[in-house]
Amino acid sequence: MAIIKQQDLIDSIADALQYISYYHPLDFIQALEKAYHKEESQAAKDAIAQILINSRMSAQGKRPICQDTGIVTCFVKVGMDVKWDKTDMTVQQMVDEGTRRAYLNPDNPLRASIVEDPTGARKNTKDNTPAVVHLDMVAGSEVEVMIAAKGGGSENKTKMVMLNPSDSIADWVVKTLPTMGAGWCPPGMLGIGVGGTAEKAAVLAKESLMDPVDIQELLDRGPQNAEEELRLEIYDRVNKLGIGAQGLGGLTTVVDVKINSVPTHAASKPVVMIPNCAATRHVHFHLDGSGPADLTPPKLEEWPEITWEVGENVRRVNVDGLTKADIAEWKTGETVLLSGKILTGRDAAHKKIQELLASGEGLPEGVDFTNKFIYYVGPVDAIGDEAVGPAGPTTATRMDKFTEMMLADTGLLGTIGKAERGPATVESIKNHQSVYLMAVGGAAYLVSKAIKKARVVAFEELGMEAIYEFEVEDMPVTVAVDSTGESAHVTGPAIWQAKIEELNDKLAK
C-alpha cells in the first residue's frame, strides 16, 4: 500500500499546468521542425516559423504559448492499493485546487476561460475551475496523471458520427476535415476514438491526444495491425488535402494521427475525432508517495533555431487614418505590418454591441470604430513591464454572425482574427470594401511583443472579453480576404491540393 498526500497531487497539478503553459512537448516541436523544412508553401512556412519562434520565446520567458490557456482536462488513474493521507477532498476537488493555484499564479497568470451556467448567464468562474476529470481505478499502488490544457478553438471542431459497421473511418475523416475550417490551428494532431458508445468514443479520442508524436517511427517500421494501417492511411490522405498550416494551403496539415479503440456493439461504429492545435499542451506524471511530481524543464537548446524574416511581399502601414481607398490596394496573401491603434472585441463584446445598437443607445462612450480595425482577441493579463500578456487571435468564424452589423452600422474598416470567414461574411466584406487580416494562431507571445500599449475602453466587467485599445508596432498579419472577396482559405488549399496531386503523379511514374 502507498500513502499519497493530497498536497502532493495539488502541488503536482499546479506545477504541471504552469509547465505546459510555456513548454511545448519536445516531440511536437521536433515534428513541427520537420514540417517547416519540408514545407514548400511560403505562407504555410512563414506560419510554422512564427509558431516555432513563439514556442522558443515562451519557453525562455515562461509565458503562455497561447492566450487561450485552455480548459483543463485530466485523466487520473488511481491504483487500488493507494491510500490518501486525508479524506476531506475528492480527486475532483484536489485537481480543481491545483488548477486554481496554477491559473492565479502571480508570476505567470493564466487566462481564466471557464464560464458557469453555460445555458444562461455564462459567468466566468475567475479561476478556470472546474477541470474536466476522468477518474479510473486501476491495479497498483501509484497515481498516474495525464493532464492537458485544451484550447477552445480546437475543441470546438470536435466531430462525432455513428457509422455503419461496414463504413470506412478514413473516408469519413477525409470528408469531414475540410468542413472543420482552420479554427483548430493546423498543423496539429488528430485524436480518434472508435468503439464503445458515443461518450466512450469521445473520451478515447481525447485520451489518445496525450500520446507522444511517433508517426515517423511507424512509417519507418511499417504497420503491424489494422489500427496502425488506419493511422497511416488517414495521415497520408489528410495531408494530401493541401489544407496546410493555418489553413493557408501547404504540405503538412497534421503531424500525427492517434487512434484509441475498444469493443463495441455489433450494430454500431461510434467514431469521434478531436483535433489538437499548434498549441498542443500536455504532460504525464506518476505519484508513488515519495513527494510531488518532478517535472524537469527541457533545455532551451533543444528548440530549433528558426528565424522569420519579412519577405519582399510586405506592406508596412499606419492604421491611423486609413481609408477604404487605401485598403483596396491590399491583395490576398500579402504580409502586412500594422502600426497604430486598433480595438479589440470578441463574442461577449459583440453581443453587447448588438444589444446597444438595437436599443438605440449606441456604442459606449469612448468607443468609435470608424475607419478602425477590430482584433478578435482575449489576452492574458500583463506582468512586469508588459503592455499586455500573450494576445494571439481567436477564431474569426464565431464573429461571422456580427460582421455585417459591424461593417454596416459602426464604420468599421476591417477585422483581424484567425481561420477562415464563411461565404456570407466574405460577401459582406466584399460589399463593404473591407478586408479581413489573419494573425497566426499559436503565436500569442510573439504577437504580444508588437503591442506597445493597452488599455480597457469598454465592458471592463467582461474581463478578457472587454474592449481594449491596443497601440501596435509592426504587428504581422496576412491579408486573408481582400476587398474583392478573394479568400486565401479557399484559394490556398485548392492550389496546394492540386500541386500535391501533381507531385504524387510524377513520383508514381
Side-chain angles (χ1 to χ4, degrees), residues 20 24-32 34-35 70-71 73-75 77 132 134 136 144-151 153-161 163 168-177 180 184-196 198-241 243 245 252-264 269-285 442:
I20 64 176
H24 263 122
L26 281 176
D27 53 85
F28 183 75
I29 289 301
Q30 290 160 359
L32 273 188
K34 289 178 182 176
I71 183 169
T73 304
C74 193
F75 291 86
K77 301 182 189 296
V132 176
H134 302 283
D136 280 334
E144 179 185 1
V145 177
M146 295 181 289
I147 191 165
K150 191 69 161 59
S154 60
E155 189 67 10
N156 288 348
K157 300 302 181 180
T158 298
K159 299 296 180 183
M160 187 267 172
V161 68
L163 293 176
S168 165
I169 294 172
D171 286 352
W172 174 76
V173 170
V174 171
K175 177 183 176 182
T176 303
L177 200 74
M180 290 161 46
W184 60 281
C185 284
M189 298 166 62
L190 295 181
I192 299 173
V194 183
E199 80 281 4
K200 181 64 175 178
V203 175
L204 289 168
K206 182 63 64 67
E207 190 171 9
S208 76
L209 292 172
M210 304 288 183
D211 290 341
V213 176
D214 65 354
I215 199 76
Q216 190 58 53
E217 291 88 333
L218 179 55
L219 284 165
D220 291 342
R221 70 166 169 82
Q224 296 176 351
N225 54 50
E227 198 167 281
E228 291 182 345
E229 289 176 359
L230 182 59
R231 281 182 63 193
L232 291 180
E233 180 185 357
I234 293 172
Y235 175 79
D236 179 60
R237 292 177 64 183
V238 163
N239 283 325
K240 285 179 179 177
L241 292 172
I243 294 169
T252 301
T253 301
V254 293
V255 297
D256 205 344
V257 176
K258 299 296 184 183
I259 300 175
N260 274 353
S261 64
V262 296
T264 190
K269 200 183 211 178
V271 182
V272 173
M273 174 169 60
I274 306 178
N276 245 4
C277 64
T280 289
R281 295 161 294 196
H282 60 87
V283 72
H284 190 172
F285 62 84

Side chains of M180 and M273: closer than 4.5 Å at any heavy-atom pair?
-> yes
Partner set under side-chain contact (heavy atoms from CB on, under 4.5 Å) for K200, not counting sequence neighbours = T197, L204, V262
About how many Å separate CG of L219 and OH of Y235, when rounded to the nearest 0.5 Å?
-> 6.0 Å
Can you tell me how far the CG atom of L26 sits from the CD atom of Q30, to the nearest 0.5 Å?
-> 6.0 Å
Could you give me the CA-CA distance, side-chain angles and deciding distance for I169 and K269, then say whether side chain to side chain contact (heavy atoms under 4.5 Å, CB included) is met?
-> CA-CA 9 Å; I169 294 172; K269 200 183 211 178; 4.1 Å; yes
Minimal heavy-atom distance between W184 and C277, with the atoms involved, is O-CB, 2.9 Å
Sorted by chain and residue number, the side-chain contact (heavy atoms from CB on, under 4.5 Å) partners of E155 (sequence neighbours excluded) come out as K150, T158, K206, I274
Please name the pair of heavy atoms, one in R281 and one in G151, separated by the smallest distance, quoted to 0.1 Å.
-> NH2-N, 3.6 Å
Show your working on salt bridge (charged side-chain N to carboxylate O under 4.0 Å, His left out) between D236 and K240 and close with a plain yes or no.
-> CA-CA 6 Å; D236 179 60; K240 285 179 179 177; 3.1 Å; yes
pair T252-K34: side-chain heavy atoms closer than 4.5 Å | no
Are any non-hydrogen side-chain atoms of V254 and N239 less than 4.5 angstrom apart?
-> yes
How far apart are the closest heavy atoms of A149 and I20, and which atoms are they?
-> N-CD1, 3.7 Å
Partner set under salt bridge (charged side-chain N to carboxylate O under 4.0 Å, His left out) for D220, not counting sequence neighbours = none
Contacts of K159 that satisfy side chain to side chain donor-acceptor pair (under 3.5 Å) - sequence neighbours left out = none
Sequence neighbours excluded, which residues qualify as side chain to side chain donor-acceptor pair (under 3.5 Å) partners of T73?
-> none
Do the non-hydrogen side-chain atoms of I215 and V255 ever get within less than 4.5 Å of each other?
-> no
List for me each residue that meets side-chain contact (heavy atoms from CB on, under 4.5 Å) alongside P223, sequence neighbours excluded, and say none if there are none.
-> E228, E229, L232
side-chain contact (heavy atoms from CB on, under 4.5 Å) involving K258 - partner list, sequence neighbours excluded | M189, S208, D211, D214, R231, D256
Is any side-chain heavy atom of E207 closer than 4.5 Å to a side-chain heavy atom of N260?
-> yes
Rounded to the nearest 0.5 Å, how far apart are CH2 of W172 and CG of L177?
-> 9.5 Å
Is the side chain of T264 donor-acceptor paired with the backbone N or O of G195 at a distance under 3.5 Å, no angle test?
-> no
Report yes or no: does D136 contribute a side-chain atom to a donor-acceptor pair with the main-chain N or O of K77 at less than 3.5 Å?
-> no
Closest heavy-atom pair, H282 versus T280, reported as atoms and distance to 0.1 Å, is CD2-CG2, 3.7 Å
Search all heavy atoms of L209 against all heavy atoms of L190 and return the closest pair with its distance.
-> CD2-C, 3.8 Å
Start with the C-alpha distance between I192 and V194, add both sets of side-chain angles, then the distance that settles side chain to side chain contact (heavy atoms under 4.5 Å, CB included), and finish with yes or no.
-> CA-CA 7 Å; I192 299 173; V194 183; 3.9 Å; yes
Closest heavy-atom pair and its distance - H24, A278 = NE2-O, 2.8 Å
Could you grab the distance from atom SG of C74 to atom CD1 of I147, nearest 0.5 Å is fine?
-> 4.0 Å
Kindly compute the distance separating OG1 (T176) from NZ (K157), expressed to the nearest 0.5 Å.
-> 13.0 Å
Among all residues two or more places apart in sequence or in another chain, which pass the ring-ring contact (aromatic ring centres under 6.0 Å, His included) test with F75?
-> H134
